[in-house]
Amino acid sequence: MGKLTTTLTALTLALSVSTAFASECDPGEVVAKLSHVTGGTTHPKVVAANLLADRVNKEMNGKLCIEVFPSSTLFGDSKELEALLLGDVQILAPSLSKFGSYTRQYGVFDLPFIFKDMDAAIRFTNSSSGKELLNAMNNVGFVGLGYWMSGMKYFSANKALHVPADAEGLKFRVQSSDVAKAMIAAMGGSPQPMAFKEVYGALQTGVVDGQENTWSNIYTKKFFEVQDSTTETSHQLLAYLFMTSSEFLDGLEPAVREQFLKISNEVTQTANENVKAKEQNNRANILKAGGKINSLTPEQRATWVETMKPVWKKFESDIGADLIKSAAEA
Ligand code: SIN
């Protein structure tokens, strides 16, 4: 009887696992799990990840198959990098702000107002310095396949923010980035690092007063519902490192690897071409859903730039003056 119960429990567990993660992959195919933390249908990372899976699963049928796990359903952002090194997941696209324990150089992407807009960021990532940065963590076993742009970031809070002084004394959720922490401190706020999936609850319950993100994250995660308004600061970039592990990549047959890399490059290009329109749609979606957006006058914008300028100096030796210069010149 005990044995029968155990068998039934194991069977139930197997069935529930296969229902939760129904796989389109055929037996015998190499399977790559792609885990990410964003959600909805209109988010640039969701669209890029699904496009990658669609193309690989169609064009490489029988050789390689990608299963996508969105919205932190497989790993949240505190565990996913470790999971990649352990081989529990094979493809990720974390925000470039989340690599502080592996490389200081990626701090360049977080410097406030370093990129005028996403086009400048794309120019930098296509430059030789940007391309070199894809290999910054090869020694750890991480391989950068490309940069997926997401958007510029804006501050939201439980009160309207027009100038940095409005943020004095407020608690802001940040990603695990020392640059972001220094930026909030420069505004007189208190930075609270937190996993992405906890942000909505923290804003709703008042654990934090505000956060910074793209239109796509503010819309798809409904942050606008639990904030007074969002201010068009465009103070920072949010972009992702589309990545895998050297263990996974080196383990593929050479021809399979080549085809996977080719599709990966093409998907990266397509994703970055469409990203601005997706961001603008999600900005419009926020307004349609009743969210409030504050624009800045040129004078107000200048106060944000001025307040955050000292952050660059603070991280110059960590990031490297040359790298900062080439990003700023882009
Ligand atoms: C993401 O877009 O992947 C998450 C960004 C965040 O943690 O704010």
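Hydrogens, waters and symmetry mates play no part in the numbers below; they use all other heavy atoms, side chains included. Read the numbers this way: they start at 1 and go in the same order the structure lists the ligands and their atoms.
- In this structure, Y102 and F142 have perpendicular ring planes: the angle between them is above 60°, well past the 30° mark.
- For the residue pair T214/S216, the side-chain donor-acceptor check at 3.5 Å is not satisfied.
- Checked for salt-bridge contact, K262 and E266 meet the test: a charged N lies under 4.0 Å from a carboxylate O.
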List ligand 1's nitrogen or oxygen atoms that come under 3.5 Å of a protein nitrogen or oxygen, with the partner atom and distance.
from: ligand 1; atom 1: 2 (O); to: N217; atom 2: ND2; distance (Å): 2.9
from: ligand 1; atom 1: 2 (O); to: Y240; atom 2: OH; distance (Å): 2.6
from: ligand 1; atom 1: 3 (O); to: K45; atom 2: NZ; distance (Å): 2.7
from: ligand 1; atom 1: 7 (O); to: K98; atom 2: NZ; distance (Å): 2.8
from: ligand 1; atom 1: 7 (O); to: R173; atom 2: NH1; distance (Å): 3.4
from: ligand 1; atom 1: 7 (O); to: R173; atom 2: NH2; distance (Å): 2.9
from: ligand 1; atom 1: 8 (O); to: R173; atom 2: NH1; distance (Å): 2.7
from: ligand 1; atom 1: 8 (O); to: N213; atom 2: ND2; distance (Å): 2.9

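- Side-chain polar atoms of E232 and S234 form no donor-acceptor pair below 3.5 angstrom.
- A salt bridge does not link K159 to D209: none of the charged side-chain nitrogens sits closer than 4.0 Å to a carboxylate oxygen.
- For residues 237-255, the pairs satisfying side-chain hydrogen bond (donor to acceptor under 3.5 Å, both in side chains) are S150-Y240, with sequence neighbours left out.
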